[in-house]
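Since the structure comes first, as structure tokens, the remarks are kept for the end.
Convention: sequence-line order gives letters A, B, ...; per-chain numbering from 1. The basis for the numbers below is simple: all heavy atoms, side chains too, and nothing from hydrogens, waters or symmetry mates. Quantities reported herein were computed from a predicted structural model and do not represent experimental measurements.
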Amino acid sequence: MIRLEGVTKIFPRQRVPAVKNLSMEVGEGEICVLVGPSGCGKTTTMKMVNRLIEPTEGKIYVNGRDVADMDPIKLRQDIGYVIQEIGLFPHMTIAENIATVPREKGWPEDRIQQQVDILLELVGLDPEVYRHRKPADLSGGQRQRVGVARALAADPPILLMDEPFGAVDPITRAHLQNEFLSLQKKMRKTVMFVTHDIDEAIKMGDRIAVMRAGELVQYDTPDRLLSAPADDFVAALVGHNRALKRLHLVKAGAVARTDVAVAQATRFVEEAKELLQTNNSPVVVVVDGLNRPKGVVQREELLRRNGRAALQDIVNPLESVADEDATLYDALSTMLNYGERYVVVLNHNREFQGIITFGYLLELMKENGS
Amino acid sequence: MAHRRTRVKSWLPVLLFIGGAVAAAVYFVENPGSAMAARVLTYDHLATLAAQHVGMVVISSLLAAATALPLGILISRPRLRLLGLVLENLVNIGQTIPSIAVIALSFTVLGLGFNTAIFALWLYSLLPILRNTYAGIISVPPGVREAAVGMGMRPWRILLRVELPLAFPIIMAGIRTAVVVNVGTATLATFIGAGGFGHLIVTGIMVRRLQLLLSGCILSALLAMLCDHLLGMVEEKVKTSA
């Protein structure tokens with residue numbers, strides 16, 4: 001847990017404070033993203049936590065202890081630190097880079113080697129292949145992974161990350177973000193994450209601290225930030241398409257409706273018609289014996305059909321589908337791609353989980369927005 | 001196998017330089033060209049001059065490295081950056097004084113002899129080593145240093161494990177420059193009675209004997225190339241083993 005109380009930083013020979021009377025708290029196991037334009041004091045704030053910069057005023061507590069009373073070396077060894085790829089030691093191998101903090105802490109050599117292999121596996125790099133390579137032999141994305149592995153080497157409870165995925169292309173960045181999020185699900189580290197990219201902040205943050213000119217403008221969950229920006233500055237930062245961005249925050253599996261017409265493929269049209277009378281589903285989802293969707297039949301088409309036909313003979317192939325882990329943004333995108341008013345949501349076993357219709361999506365966003 | 005081949009490749013020039021020097025010595029002793037040159041160009045005398053020359057270069061360079069390396073590290077510390085700037089400029093001005101003047105000035109204070117030559121050569125080779133040590137450490141990317149500090153490495157560990165290894169090629173370049181210049185400057189030490197190949201050159205000029213002049217020039221040139229190559233091998237060795 002990290003707590004800042006009335007922290008101010010004025011750099012020598014500067015009149016304007018870089019950080020002004022900042023108080024905030026990062027809860028245990030949370031990702032807190034500091035976001036704002038360059039020069040807003042977000043990096044300065046982060047660097048005061050591991051005492052790379054000393055505050056002019058105020059107190060900073062890490063796990064309840066005032067950092068000013070701690071040995072900075074010990075403090076830093078217990079806080080993972082990731083900066084852009086530039087921070088890897090170019091003359092050392094990947095293994096030596098990762099081993100840095102354990103070595104400083106004086107771990108025995110065999111334990112260090114073990115840990116290096118575990119961490120390389122963790123970030124998806126084959127130890128046999130990468131252990132003895134130099135940073136220059138790796139791609140940008142791989143270097144960032146090594147950076148994360150190095151920060152995690154001594155299993156610190158807290159991570160500070162300064163634009164950790166800044167220097168890679170957008171596709172690689174999305175991969176790295178997803179991988180980090182799934183790692184974080186298991187690790188539950190307390191993370192302070194600095195970025196200037198609001199989309200990254202919305203995606204990564206449990207809570208987002210928007211900063212401007214050294215001041216905390218709003219400290220809120222991504223959803224609150226998008227639905228209720230504190231002022232024009234935050235509204236402008238999150239962008240005019242913030243309603244669309246909120247779709248990123250909800251998983252399709254979490255909201256998919258299950259009260260829809262589902263029928264076994266061996267059933268007849270007649271029975272399906274009855275189902276449609278009890279709800280207003282635009283389609284009937286046709287499933288096999290294992291509850292795996294085989295396809296759909298549109299409401300209009302069903303009504304036109306002879307009641308004695310079997311559903312499996314008239315079923316249309318399933319196109320508009322989404323994974324339960326997909327976001328509502330992905331779901332909407334799929335609907336638009338196929339020109340449909342619904343998307344069928346599948347769970348990890350490819351079984352039917354529910355459907356999301358266009359009208360339902362609108363309702364959802366409306367009630368969340370208020 | 002590849003490793004062995006590169007080792008053979010790097011030893012080849014060493015043999016070439018030493019072989020060339022021996023061949024040149026044999027040629028000049030066997031063909032002195034005149035009775036006057038023949039009195040100077042004996043195997044015994046050449047061996048003595050070689051020993052003096054190598055001795056001056058090795059001792060003065062080692063002393064210079066032992067002084068300039070710690071000093072360079074010292075002035076690269078953030079707290080002493082100002083001192084670093086002052087010292088670097090002093091050093092640059094010092095470098096503009098001609099080497100013969102340094103030797104002559106040392107002579108006026110310390111008198112004739114080998115030790116005076118060592119002092120003058122030491123003073124003159126301090127500069128490239130000091131400057132390159134400082135420049136090498138300063139050139140470590142700020143992000144790399146910041147990562148090291150941020151991960152909780154102690155200052156002396158950062159120096160040993162990050163700064164010096166990264167600055168090593170630049171420091172080595174400074175040492176190589178110093179040694180090669182040193183081999184040349186050492187030819188002037190004969191003026192203060194310290195011997196060396198300069199003796200052949202100066203005598204050759206005075207008595208107008210081309211053989212003497214040439215032998216001195218060729219031998220010191222080969223020595224300079226040999227030193228440079230040997231230091232290059234040391235650099236490679238350290239780099240691959242680290």
Tightest non-hydrogen contact, residues Val144(B) and Leu88(A), listed as CG2-O, 3.8 Å
How about CZ on Arg77(B), more than 12 heavy atoms from neighbouring residues, nucleotides or ligands closer than 6.0 Å, or not? yes
So, the part of Lys105(A) with a heavy atom under 4.5 Å from chain B: the answer is neither
Listed by number, the residues in residues 170-182 of chain B that come under 4.5 Å of chain A (heavy atom to heavy atom) are none
In short, Arg150(A) meets Ala147(B) closest at the heavy-atom pair NH2-CB, 3.5 Å
Okay, Leu52(A) and chain B: the region with an atom under 4.5 Å from a heavy atom over there is side chain
When every non-hydrogen atom of Pro90(A) is compared with those of Leu166(B), the smallest separation belongs to CG-CD2, 3.6 Å
Here the pair of heavy atoms bringing Arg103(A) nearest to Arg161(B) is NH1-NH2, 4.2 Å
Is it the case that atom NE2 in His229(B) sees more than 12 heavy atoms from other parts of the structure closer than 6.0 Å?
yes
Bottom line for Arg157(B): the part with an atom under 4.5 Å from chain A's heavy atoms is side chain
| said: Is it the case that over 12 heavy atoms from other parts of the model lie below 6.0 angstrom from the CD atom of Glu28(A)? | reply: no
Value for CD1 (Ile79(A)) from CE (Met151(B)), rounded to nearest 0.5 Å, stands at 13.5 Å
| message | Heavy-atom count check: over 12 atoms from other residues, nucleotides or ligands less than 6.0 Å from Leu82(B) CG? | response | no
Closest non-hydrogen contact found for Pro165(B) with His91(A) is CB-CD2, 3.4 Å
Ranking Thr100(A), Asp162(A), Asn50(A) by heavy-atom pairs under 4.5 Å to chain B gives rank one to Thr100(A)
